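None of the values given here were measured: they were computed from a predicted structure.
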Amino acid sequence: MTLALMLGAILILFLLRVPMAFAILGPCLAYLIIEDYSLGLAVRLVVGGINSWPLLAVPLFILVGIVATRTEIATRLYDAALLLLGPLRAGLAYVNIGVSLGFSWMSGAALADAAGIGSIEVDHMRKKGYPAEFSVGLSASSALISPIMPPSIPAVVYASVAAVSTGALFAAAAVPALLMTVALVGTVWVWARRRHDLVGEPYDWPRTRGALRRALPPMGAPILILGGILGGWFTPTEAAAIGAIYMLALAFLYGTAGPREIAVIFRDTASITAQIMLIIGASSLLSWILAREQVPQAVASLLLGFTDNPMVFILVVNVFLIVLGMLLEPTSALLIITPILLPVATAFGIDPLQFGSIVIFNLMIGLLTPPMGGVAFVLSSVTAIPVERVFRGAAYFLPTLLLVLLAISFIPALTLWLPSVLGLR
Amino acid sequence: MPDDDPLATSHPQQPRSAVDEDEPEHVGLGAATNPELLPAGEPLRSLMHRLGQVEQAIGSALVVVILVLVLVQVAQRYLPGGWAWTGEIARFAMVWVTFVMSGYLMAHDGHIAIKVVDYFLPARTLGAVRLFGHCLIAVTCLAMAYGTYDFMTHDRGQVTAAAEVPLALIYIVVALGFVSTALRAALAVVVIDLPEIRRGEKVVA
């Protein structure tokens with residue numbers, strides 16, 4: 001009874017715009033008081049949830065992403081993609097996807113992608129005659145490549161909760177992220193067949209070559225980060241630090257990072273780290289309560305009683321997670337749901353790496369849908385396009401994303417092949 | 001919004017593309033948040049502003065500490081000897097960043113929340129909803145601050161495993177972070193929620 005009241009209160013507080021961390025903490029404290037636990041236990045669990053070596057990768061990957069967006073680095077990527085893909089029919093749409101793919105190798109968060117390069121992409125597309133809803137919908141959808149493609153902040157969080165190797169999860173997510181990229185390219189290609197008016201500029205090879213040369217040094221960051229992790233040279237946390245220092249060095253070399261800019265970069269990193277970590281800490285307390293109440297076991301017996309078919313289980317989980325992703329911020333949803341569903345998934349014989357990719361993909365789709373729709377709100381803000389039009393634009397790409405989700409849900413090789421080849425599982 | 005507001009740059013302004021020189025400048029997302037809640041001339045305004053600056057400076061410095069210590073950890077692999085405390089202090093620095101910045105985020109409505117109600121609730125109802133939320137946050141944070149004090153008094157004299165730093169030093173920052181957040185939530189009741197309810201106009205926060 002106390003548990004049901006606590007969960008109901010959390011949900012109501014979410015809807016009443018109480019910040020997620022405090023919407024979780026408040027009812028959890030009430031639960032502890034009713035159950036006669038000391039408040040000191042709550043503090044120990046909250047701090048313990050944050051005090052983790054693997055999670056140290058989170059602020060460092062945030063730092064990498066912020067350096068990329070606040071200095072000339074993201075612009076160099078955009079210029080190279082523009083000159084390389086711009087000449088195609090509907091080329092700016094491919095540029096949009098290509099830049100998101102390049103950016104995803106440096107940044108692990110969809111919001112950073114949307115806020116950092118979304119406005120440039122959308123404005124440029126609209127100027128060249130692309131419909132506003134299509135432009136902003138594509139930007140929103142392609143922004144989802146960032147949190148799925150390694151290095152991915154949700155993957156770091158999932159790995160710490162699920163006690164799986166972050167490197168292995170990064171490897172597991174790489175193919176789904178590429179598949180998503182190809183699927184978005186395919187959707188744009190189908191759309192562009194009827195748009196004969198969207199012709200590209202003629203190729204300008206000298207400028208393209210120059211832009212590609214300018215984009216080469218930034219592309220060293222993903223080689224350092226992903227090569228270091230997948231090659232077994234560094235842990236993800238260490239690779240994030242090395243990537244951050246490399247990006248800072250580039251920004252200094254380009255002369256785009258003066259003392260003031262550097263101060264802003266570190267303050268931004270501190271702010272976003274605190275936003276995410278406080279939710280992680282609060283969710284650790286909630287997870288402890290759920291474990292004490294044996295919720296994972298209850299959910300497991302409910303689902304195992306409902307079906308013994310892994311396919312049906314995955315389908316049910318997908319529907320559930322999409323709805324959850326629409327209502328909750330992805331990090332908190334990930335932290336709450338992983339300890340509950342992962343043991344059930346394992347009982348169904350689903351690999352934790354595949355399950356992690358499925359969970360992350362599902363929850364990220366919620367960033368495009370009302371009411372939470374974090375990416376949609378950010379894009380609405382930076383492009384001044386009303387949020388309902390952003391939602392409509394993103395809806396055009398949702399079937400594509402759902403198809404990719406079904407593929408990674410029912411074809412384990414898509415997630416497990418690369419970790420196996422690299423000897424990570 | 002002052003230029004040095006990190007929330008103004010959490011969703012940063014994009015540098016202009018070298019290819020498309022006529023791209024317009026874009027205003028960052030944080031432009032909708034209000035760092036100065038109190039009326040001009042109010043002494044508390046200056047105090048809160050200074051507190052925010054101190055929190056930002058410490059938070060930024062702690063991110064630098066995390067970066068340096070993790071790099072030292074990598075370097076140690078290739079050097080003789082080693083400091084076991086680097087990883088431990090880096091982890092505690094992340095705990096400190098979280099709580100040092102919490103109050104500042106509260107003052108700027110920067111904590112992650114579902115703000116859909118902002119779009120459809122009338123001003124007075126929205127003010128009441130916010131008032132309820134801020135009161136709940138203040139009470140929760142004070143309870144957590146008390147819990148931290150309780151934890152510290154029960155585990156007096158304990159030190160961390162590697163660096164042998166007193167645990168009280170780690171947790172005092174946590175307690176201060178909760179107190180700062182409670183203070184900002186209480187202030188928001190006075191300077192945002194009550195005026196919104198009284199005037200019936202949405203306060204830009």
Practice item. Would you mind checking which part of A:V58 comes under 4.5 Å of any heavy atom in chain B, side chain (CB onward), backbone (N, CA, C, O), both or neither? Key: neither
Study note, to complete from the structure: For B:A143 and A:L29, the nearest pair of non-hydrogen atoms, with its separation, is CB-CD1, 3.8 Å
Review point. For A:L16, is it the side chain, the backbone, both or neither that has a heavy atom under 4.5 Å from a heavy atom of chain B?
Key: both
Exercise for review: Return the option, out of B:T181, B:I114, B:V68, B:T140, with the maximum number of heavy-atom pairs under 4.5 Å with chain A.
Suggested key: B:I114
**Study point:** Gap between atom CD of A:E329 and atom CD1 of B:I112 - 0.5 Å precision
**Key:** 4.5 Å
Study note, to complete from the structure: So, the part of A:I262 with a heavy atom under 4.5 Å from chain B: the answer is neither
Practice item. Starting at CZ of B:F92, measure out to CG of A:N51 and round the result to the nearest 0.5 Å. Key: 5.0 Å
Revision key, fill the gap. Taking every heavy atom of B:L67 against every heavy atom of A:A244, the minimum-distance pair comes out as CD1-CB, 4.0 Å
Practice item. Identify which one of A:L60, A:T269, A:L63 satisfies the side-chain contact (heavy atoms from CB on, under 4.5 Å) criterion when paired with B:I66. Key: A:L60
Point to revise | B:Y149, OH: over 12 other non-hydrogen atoms inside 6.0 angstrom | key: no
Review point. With no hydrogens and no angle check, is any side-chain donor or acceptor of A:E238 less than 3.5 Å from a backbone partner on B:L71?
Key: no
Review point. Any idea which of B:M94, B:H134, B:K115, B:M152 has the most non-hydrogen atom pairs under 4.5 angstrom with chain A?
Key: B:M94
Point to revise | Contact leader toward chain B among A:I33, A:I245, A:V43, A:L15, where contacts are heavy-atom pairs under 4.5 Å | key: A:V43
Practice item. Kindly give the heavy-atom pair with the smallest separation between A:F22 and B:S102, and that separation in Å. Key: CZ-OG, 4.0 Å
Point to revise | Contact origin within A:S52 toward chain B - heavy atom pairs under 4.5 Å | key: backbone
Review point. Of the non-hydrogen atoms in B:D150 and A:L39, which two are nearest, and what is the gap between them?
Key: OD2-N, 4.5 Å
Check your understanding: What part of B:V117 is in contact with chain A, defined as an atom under 4.5 angstrom from a non-hydrogen atom: side chain, backbone, both or neither?
Key -> side chain
Practice item. Apply salt bridge (Lys or Arg N to Asp or Glu O under 4.0 Å) to A:R17 and B:D109, showing your working. Key: CA-CA 10 Å; A:R17 92 182 300 289; B:D109 203 16; 3.1 Å; yes
Point to revise | Distance-minimising heavy-atom pair for A:P19 and B:A113 | key: CA-CB, 3.6 Å
**Study point:** Largest heavy-atom contact set with chain A, pairs under 4.5 Å, which of B:D118, B:L126, B:I58
**Key:** B:D118
Check your understanding: Is any side-chain heavy atom of A:L278 closer than 4.5 Å to a side-chain heavy atom of B:H111?
Key -> yes
Check your understanding: Are more than 12 heavy atoms from other residues, nucleotides or ligands located less than 6.0 Å from atom CZ of B:R77?
Key -> yes
Study note, to complete from the structure: Closest heavy-atom pair, B:G87 versus A:L56, reported as atoms and distance to 0.1 Å, is O-CD1, 4.5 Å
Point to revise | Atom group of B:Y119 that falls short of 4.5 Å from chain A, counting heavy atoms | key: side chain
Point to revise | Partner chain A: residue of B:T148, B:T98, B:T153 with the largest heavy-atom pair count (under 4.5 Å) | key: B:T98
Review point. So do the side chains of B:F99 and A:I50 get within less than 4.5 Å of each other, counting heavy atoms only?
Key: yes
Practice item. Quick one: which of B:A175, B:G133, B:S60, B:A93 has the most heavy-atom pairs under 4.5 Å with chain A, could you say? Key: B:S60
Exercise for review: Under the side chain to side chain contact (heavy atoms under 4.5 Å, CB included) rule, what do A:Q275 and B:L105 come out as? Steps first, then yes or no, please.
Suggested key: CA-CA 8 Å; A:Q275 286 174 337; B:L105 286 171; 3.8 Å; yes
Review point. Can you tell me how far the CG atom of B:L136 sits from the CG atom of A:L13, to the nearest 0.5 Å?
Key: 5.5 Å
Point to revise | Other residues, nucleotides, ligands: >12 heavy atoms within 6.0 Å of A:E261 CD | key: yes
Practice item. Between chain A and each of B:V116, B:V100, B:V95, B:V174, count heavy-atom pairs under 4.5 Å; write down the option with the most. Key: B:V95
